[in-house]
Amino acid sequence: MEAKDFIRSHIIEDLAAGKHTKAVTRFPPEPNGYLHIGHAKSICLNFGIAVESQGDCHLRFDDTNPEKESQEYIDAIKRDVTWMGFQWAGQVRYASDYFDALYDFALQLIQMGKAYVDSQTPEQIQQTRGSFTEAGKNSPYRERSVEENLALFEKMRLGEFAEGECVLRAKIDMASGNINLRDPVLYRIKKVAHHQTGDKWLIYPMYDYTHPISDALEYITHSLCTLEFEDHRPFYDWLLDTLGTPAHPQQIEFSRLNLNYTVTSKRKLKKLVDEHLVNGWDDPRMPTIAGLRRRGYTPESLRDFCERIGITKSDGVVDFGLLEFCIRNHLENTAPRAMAVLNPLKVVITNVEEATLALTSARHPNLPELGEREIPFTKEIYIDAADFSENPPKGYKRLVVGGEVRLRHCYVIRCDEVIKNEAGEIVELRCSADLNTLGKNPEGRKVKGVIQWVSATLGMPAEIRLYDRLFNQPDPEAGDNFLDCINPDALTVVQAVVEPSLANAQPEERFQFEREGYFVADLVDCKPNRLVFNRTVGLRDSWGGA
Ligand code: ATP
Ligand code: MG
């Protein structure tokens with residue numbers, strides 16, 4: 001493993017010092033939503049370290065809030081981690097696998113006089129916690145005897161109290177400068193079924209209590225988390241020291257990923273889904289891994305992105321353009337080329353026969369191994385309406401009345417006549433081809449423009465979904481409501497015509513549509529008789545490199 005960041009350096013030192021025989025990390029999502037690009041950073045770090053150091057990385061669901069969690073999210077998270085190219089060591093683990101052990105540890109804390117049942121209301125507990133400047137106040141129930149606490153905790157477990165009537169708290173120090181050490185809550189009553197344990201439990205452990213113990217039980221060596229958990233580390237250490245667990249993982253914090261024009265909070269992303277502002281968690285506008293996948297991003301591009309942003313302790317905002325750079329970079333060198341006409345305008349070539357001319361072209365200019373595809377040329381073709389102008393601006397290099405342009409991989413054509421409908425709209429162009437220009441320059445003149453085209457008779461209709469950024473503000477979370485800066489033009493659907501070689505495009509097959517950008521056959525909706533492509537990204541940065 002290379003010491004490319006402070007965490008890897010730390011682990012290398014620990015291994016060299018013989019503290020551990022191998023590094024064991026974990027990725028601990030809560031199954032309360034789909035993973036987003038921020039999680040990709042954590043996945044690449046935790047699984048990356050395991051791969052690079054021949055260690056292990058566990059996938060553990062931190063499932064302590066059953067009412068917000070579901071099997072759908074569990075399945076989606078497993079799918080996303082696998083798709084990212086990683087494999088967890090052993091079985092999938094769940095914090096709920098440890099509910100019995102966690103309960104026994106709670107009994108141990110009570111017996112040690114380190115935990116008590118507090119019968120204050122949640123409001124009272126909140127009000128007596130103090131603030132950054134003011135110490136908290138001891139609960140009137142803090143000095144209950146071990147026997148009384150054991151009896152009350154047992155009643156909590158049996159469901160003899162109502163939700164909110166009491167909690168189990170650690171007994172540490174209500175005057176601690178660290179609020180997380182002011183007798184944190186360990187267990188609360190929740191009379192809800194759990195997706196893994198069913199009706200077995202009516203009390204559930206808190207995340208801050210569950211996480212260190214789960215890490216210790218799995219013999220995690222390095223517990224890597226984001227900076228907001230720095231203040232929780234003293235409790236992490238207090239708990240494992242107090243219990244004397246055989247393993248005491250080291251928590252190390254790093255800065256979370258913030259990406260401009262994006263929200264990375266499952267709660268906010270869920271709001272977009274619940275309010276039908278997007279079409280589900282995997283909507284290609286979403287910054288979820290499933291959404292990015294459907295948008296056409298590759299695992300390689302996401303891993304490359306995480307590699308480039310690196311791991312530090314300083315908070316910053318990464319430009320969305322970097323993510324786009326990474327996918328462009330990958331697809332430039334891998335995606336076959338094809339022609340697609342997004343805004344079709346019919347062109348009749350007056351001087352050729354009805355018969356088809358079988359032209360071919362390389363699928364990729366630098367990858368001969370991808371072979372060739374056929375691009376049949378026919379008497380009627382489509383070009384993009386934007387490639388013709390009746391009133392061309394200065395320097396316009398595409399088709400004009402009386403002017404010439406080259407059809408990509410084909411002839412030079414001249415526009416002889418414009419056909420309009422009654423409303424005065426252009427419906428067709430009549431053109432003639434210079435039949436002596438296949439693969440060579442026309443004689444006696446230069447033709448600069450090259451435009452895309454597709455056979456009108458053999459081309460395939462396709463729905464093309466043009467995606468743009470979901471938010472039109474660099475920091476959607478700056479204002480009162482992030483929903484106010486949703487970009488209403490983040491999706492435009494057009495009916496296009498694509499070259500016939502795309503007739504069998506498979507879901508997730510990616511292409512560069514020449515001059516238009518990179519596109520992917522939609523994972524869900526693209527079928528043999530109904531082609532659907534999503535624009536992953538344009539060919540160039542159209543956002544001015546913000
Ligand atoms: P969210 O606020 O979106 O729900 P979370 O941190 O609550 O995020 P978890 O499911 O608890 O989500 O996260 C699993 C792991 O992913 C944690 O270790 C967490 O620190 C990490 N993680 C979450 N968001 C980011 C981010 N933006 N950048 C880096 N790591 C992240
Ligand atoms: Mg969380």
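Whatever order the structure lists them in is the order used to number ligands and atoms, beginning at 1. Residue numbers run from 1 in the order of the sequence given. None of the values given here were measured: they were computed from a predicted structure.
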Sidechain N-carboxylate O distance under 4.0 Å for [X], [Y]:
{"X": "Glu477", "Y": "Lys268", "value": "yes"}
{"X": "Arg129", "Y": "Asp183", "value": "no"}
{"X": "Asp274", "Y": "Arg267", "value": "no"}
{"X": "Lys4", "Y": "Glu52", "value": "yes"}

With respect to [X], determine whether any N or O atom, backbone or side chain, lies less than 3.5 Å from an N or O atom of ligand 1.
{"X": "Asn32", "value": "no"}
{"X": "Ser255", "value": "no"}
{"X": "Glu30", "value": "yes"}
{"X": "Gly38", "value": "yes"}

Heavy-atom contacts with [X] under 4.0 Å: which atoms of ligand 1 show up? List them by number with element.
{"X": "Ser265", "value": "3 (O)"}
{"X": "Phe27", "value": "15 (C), 16 (O)"}
{"X": "Pro28", "value": "14 (C), 18 (O)"}
{"X": "Pro29", "value": "10 (O), 14 (C)"}

### Task
Give the single entry among Arg267, Arg256, His39, Lys41 that approaches atom 5 (P) of ligand 1 most closely by any heavy atom.
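Among Arg267, Arg256, His39, Lys41, the closest heavy atom to atom 5 (P) of ligand 1 comes from His39.
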### Message
Tell me whether Arg285 forms a cation-pi arrangement with Tyr467, defined as NZ or CZ under 6.0 Å from the six-membered ring centre and within 45 degrees of its axis.
### Response
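Judged by the rule, Arg285 and Tyr467 form no cation-pi pair.
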### Task
Validate the cation-pi geometry between Arg157 and Tyr103: distance from NZ or CZ to the six-membered ring centre under 6.0 Å, angle to the ring axis within 45°.
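Yes, Arg157 sits over the ring of Tyr103.
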### Message
For His36, state whether at least one heavy atom is located under 4.0 Å from any atom of ligand 1.
### Response
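The answer is yes: ligand 1 sits under 4.0 Å from a heavy atom of His36.
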### Query
Is there a donor-acceptor contact under 3.5 Å linking the side chains of Ser119 and Arg144?
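Side-chain D/A pair, Ser119 to Arg144: present.
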